[in-house]
Amino acid sequence: MNQKFPKGEIKSIQGRSFTIKGDDIDTDRIIPARFLKCVSFSALGEQVFADDRKELKGNHPFDLDHNKGANILIVNDNFGCGSSREHAPQALMRWGIRLIIGESFAEIFFGNCLALGIPCLTASKEEIVKLQNLVEKDNNQIWEFNLKNLSISNQKETVKLILDEGPYKMLYSGKWDATSQLLDEEEKINKTFKNLPYLNNFKQEI
Amino acid sequence: MSSRTLYDKVWNFHQVKELPGGSTQLFIGLHLIHEVTSPQAFSALNEKKLGVKFPNLTVATVDHIVPTSNQQRPFSDPLAEEMLATLEKNCKTHKIKFHGIGSDSQGVVHVMAPELGLTQPGMTVACGDSHTSTHGAFGAIAFGIGTSQVRDVLASQSLAMNKLKVRRIWVEGELQKGVYAKDLILHIIRHLGVKGGVGFAYEFAGPAIEKLSMEGRMTICNMAIEGGARCGYINPDETTFEYIKGKEHAPKGKEWDKAISWWKSLASDSKATFDDEIQLDGSSIEPTVTWGITPGQGISIKETIPNPDLLPKNEQQIAKDACKYMNLKPDEPIEGQSIDVCFIGSCTNGRLSDLQEASKIVKGNTVAAGIRAFVVPGSQKVAKEAKEKGLDKIFLKAGFEWREPGCSMCLAMNPDKLEGRQISASSSNRNFKGRQGSANGRTLLMSPAMVAAAAINGKVTDVRKFLQK
Ligand code: SF4
């Protein structure tokens with residue numbers, strides 16, 4: 001299990017890839033609720049997709065030997081919908097996933113991934129299906145993700161990816177860990193506080 | 001200035017500054033925390049040697065892991081006890097108000113906060129829980145966040161956010177007898193899809209919405225997230241003010257009048273421009289039940305399980321998965337489908353009016369043989385008021401179990417779980433695979449009154465049959 005978590009600028013990611021197919025894969029499936037009973041995230045890597053894996057008795061992508069050590073996940077539509085639990089991206093990250101590419105992502109999941117330094121990029125349905133087929137043809141090939149070009153490539157084939165400007169800049173500059181940025185100008189926070197009617201006895205002119 | 005939505009206005013009040021990445025630093029007026037998504041946030045805060053910036057603006061309760069049969073401390077589940085103890089300790093260290101076990105205001109976070117008058121129009125509300133959208137019922141911008149963001153709010157009382165687009169969902173007419181807010185929102189999600197709302201805030205408006213009580217409005221906004229919309233809201237009006245008035249944290253005296261005039265000014269302007277608008281007729285909606293594994297897979301009680309091959313292409317695969325998982329056959333009626341467990345509760349439908357409506361169906365009837373049925377009030381206050389009205393007795397007499405408040409079988413992090421392939425009629429909000437505690441358990445979502453009807457008949461039943469009697 002890869003325990004070097006994302007840090008700083010994230011401009012490129014290299015590694016092997018595999019797919020999880022299906023639309024609307026919710027965070028209850030990525031990490032079932034019983035594993036939320038913890039005060040630390042550390043054990044979650046083992047438990048990713050626990051119920052789906054149990055059902056497939058060792059044949060789930062996260063159990064297959066040739067996927068061990070892979071770090072790029074290709075998914076379909078509306079991945080990560082449902083519960084806001086950050087345990088889901090935490091479980092994926094602690095298993096070893098560093099990049100997720102799919103048709104679309106649920107918003108809270110996308111934000112949770114970004115806050116951990118895990119980029120989620122999208123491409124059209126056709127492109128994703130093409131990418132999934134390429135990935136499945138040979139699980140040993142090394143894929144290279146390039147943030148600047150917004151692309152992923154295996155030397156022969158390149159797939160163009162989509163990412164909004166905001167998250168792009170955050171990953172590129174390494175400022176995806178928001179806390180320090182938010183505390184940059186505390187006086188502005190205090191000013192907003194003082195201008196909110198409901199926090200200031202509903203004074204009219206503030 | 002006459003074309004702004006409530007969302008625009010509230011957003012502007014809370015803007016701290018633009019961040020380099022292009023997102024906005026948004027001030028959070030009310031931060032709610034609970035035991036599941038906060039411990040790691042506090043640890044991260046400690047690691048960064050940061051404190052809580054405005055402890056008064058964060059309020060805590062415990063709900064997800066609490067047992068509902070015996071709330072004696074320590075809890076028999078040591079992990080649950082550890083989570084509660086960790087939250088207690090964190091609140092104490094950081095001087096955060098905690099409504100814990102034994103407090104008469106403990107409850108599911110989205111039930112207890114409005115009851116205390118904490119949720120008010122014009123606020124930004126954040127909580128490490130996706131159903132935070134509930135609070136939008138008051139005309140607040142309320143949304144769920146992840147644990148890293150809980151840390152950010154604790155440290156800075158703000159978040160890096162991107163502004164959403166606004167879709168207005170206008171509901172004409174009036175809901176018919178036996179049709180409730182739950183049916184309306186299931187109907188909306190069915191038609192707009194579980195990801196139709198991604199990138200949007202939903203403004204729910206129109207005569208059918210205005211006629212809803214605050215509790216009904218909370219049910220609607222609660223499930224905005226199941227339609228993909230991170231927040232849903234309803235413009236504040238007299239119904240809203242009436243609900244807040246006199247609550248513990250409501251503005252009092254002279255402040256009350258000032259508050260009302262500010263709140264009124266926040267409603268979307270009559271000429272407000274929306275990024276998208278949709279209209280539907282509330283009068284034609286029938287009691288609605290989900291048959292599948294996403295909240296978008298709902299049908300009216302009179303319909304049959306859809307044939308996956310006849311659905312739009314992008315819905316076929318998930319419909320096939322759903323038929324297989326649920327063990328339901330295409331073209332079978334949903335009415336009459338037998339069930340094993342009935343659950344009335346959750347932040348969607350665990351409020352007093354939900355229990356009242358259900359009790360009307362239950363009164364004088366008996367739970368069908370072999371059915372396990374139970375009621376879990378959403379909060380201590382709901383439990384107390386329900387008991388004062390004698391609802392507990394009605395349910396108990398009919399063969400329901402009456403439990404202590406908590407999230408319970410909405411997500412089954414406590415001992416209340418489905419077993420094996422059991423199928424439930426549930427007033428909660430998610431029918432995902434494994435959601436109710438058994439990896440292959442099955443869930444049919446419906447209104448609390450429909451759950452009550454299902455409990456009496458032992459099968460999915462049109463609640464209107466009980467109302468005609
Ligand atoms: S009742 Fe269910 S949806 Fe609501 S907060 Fe609890 S677990 Fe979440």
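Numbered from 1 within each chain, the chains take letters A, B, ... in sequence-line order.
Rounded to the nearest 0.5 Å, atoms NZ (B:Lys195) and SG (A:Cys81) are 10.5 Å apart. Between the CZ atom in B:Arg430 and the OG atom in A:Ser83 there is a gap of 5.5 Å [rounded to 0.5 Å]. A distance of 12.0 Å separates CG of B:Leu411 from CZ of A:Arg34, quoted to the nearest 0.5 Å. The distance from the OG1 atom of B:Thr147 to the CG atom of A:Leu116 is 9.0 Å, given to the nearest 0.5 Å. Rounded to the nearest 0.5 angstrom, A:Ile108 CD1 and B:Thr132 OG1 are separated by 7.5 Å. Interatomic distance, B:Leu26 CG to A:Thr192 OG1, rounded to the nearest 0.5 Å: 9.0 Å.
Between the side chain of A:Asp51 and the backbone N or O of B:Ala439, no donor-acceptor pair lies under 3.5 Å. Judged by distance alone, the side chain of A:Lys37 and the main-chain N or O of B:Ile65 form no donor-acceptor pair under 3.5 Å. Not one N or O on the side chain of B:Gln317 forms a donor-acceptor pair closer than 3.5 Å with the backbone of A:Asp23. Judged purely by atom type and a 3.5 angstrom limit, A:Arg85 has no side-chain atom pairing as donor or acceptor with the backbone of B:Thr37. Formation of a donor-acceptor pair under 3.5 Å by the B:Glu82 side chain with backbone atoms of A:Cys38 is not found in this model.
In this structure, the portion of A:Ser104 lying under 4.5 Å from any heavy atom of chain B is its side chain and not its backbone. Heavy atoms of A:Glu55 lying under 4.5 Å from chain B are absent altogether. For a residue to count as touching a neighbouring chain, one of its non-hydrogen atoms must lie under 4.5 Å from one of that chain's; by this rule B:Trp263 touches chain A with the side chain only. When heavy atoms are compared at a cutoff of 4.5 Å, A:Asp77 approaches chain B solely by way of its side chain, counted from C-beta outward. For chain B, the nearby parts of A:Leu36 are the backbone and the side chain; heavy atoms of each come within less than 4.5 Å. Proximity to chain A (any heavy atom under 4.5 Å) is restricted, for B:Asp77, to the side chain, taken from C-beta onward. Of the atoms belonging to B:Gln15, it is backbone heavy atoms, and not side-chain ones, that fall under 4.5 Å from chain A. Both the backbone and the side chain of A:Gln181 come within contact range of chain B, each with at least one heavy atom under 4.5 Å from a heavy atom of that chain. Using a 4.5 Å cut-off between heavy atoms, B:Phe54 touches chain A through its side chain atoms alone. Residue contact with chain A, scored on non-hydrogen atoms closer than 4.5 Å, involves the side chain of B:Lys53 exclusively. Only the side chain of B:Ile318 comes within contact range of chain A, with at least one heavy atom under 4.5 Å from a heavy atom of that chain.
Comparing B:Gly437, B:Ser23, B:Gly296, B:Ala155 by how many heavy-atom pairs each has under 4.5 Å with chain A, the most go to B:Ala155. Taking B:Glu226, B:Lys433, B:Lys417, B:Met123 one by one and counting their heavy-atom pairs under 4.5 Å with chain A, the maximum is reached by B:Met123.
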- [ ] Start with the C-alpha gap between B:Ile145 and A:Ser84, add the side-chain angles, then the distance that decides, and say whether side chain to side chain contact (heavy atoms under 4.5 Å, CB included) holds.
- [x] CA-CA 6 Å; B:Ile145 56 179; A:Ser84 63; over 6 Å; no

Open item on the list: Test side-chain hydrogen bond (donor to acceptor under 3.5 Å, both in side chains) on A:Glu86 and B:Ser148; report intermediate values, then the result.
Closed with: CA-CA 8 Å; A:Glu86 188 170 306; B:Ser148 296; 2.8 Å; yes

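In this structure, B:Asn162 and A:Asp164 have side chains that are not in contact, with every pair of non-hydrogen atoms separated by 4.5 Å or more.
Surrounding NZ of B:Lys324 are at most 12 heavy atoms belonging to other residues, nucleotides or ligands under 6.0 Å away. Around the NZ atom of A:Lys175, the shell of radius 6.0 Å holds no more than 12 heavy atoms that belong to other residues, nucleotides or ligands.
Of all non-hydrogen atoms in B:Glu255 and A:Asn201, the two that sit nearest each other are OE2-ND2, 3.0 Å.
With salt bridges taken as basic N to acidic carboxylate O contacts below 4.0 Å, one links B:Arg151 and A:Asp177.
Checking each of A:Thr179, A:Leu182, A:Asp184 against B:Ser156 for a side chain to side chain contact (heavy atoms under 4.5 Å, CB included) leaves exactly one that passes, namely A:Leu182.
Ring-plane geometry between A:Phe193 and B:Phe27 is classed as tilted, the angle between the planes lying from 30 to 60 degrees on a 0 to 90 degree scale.
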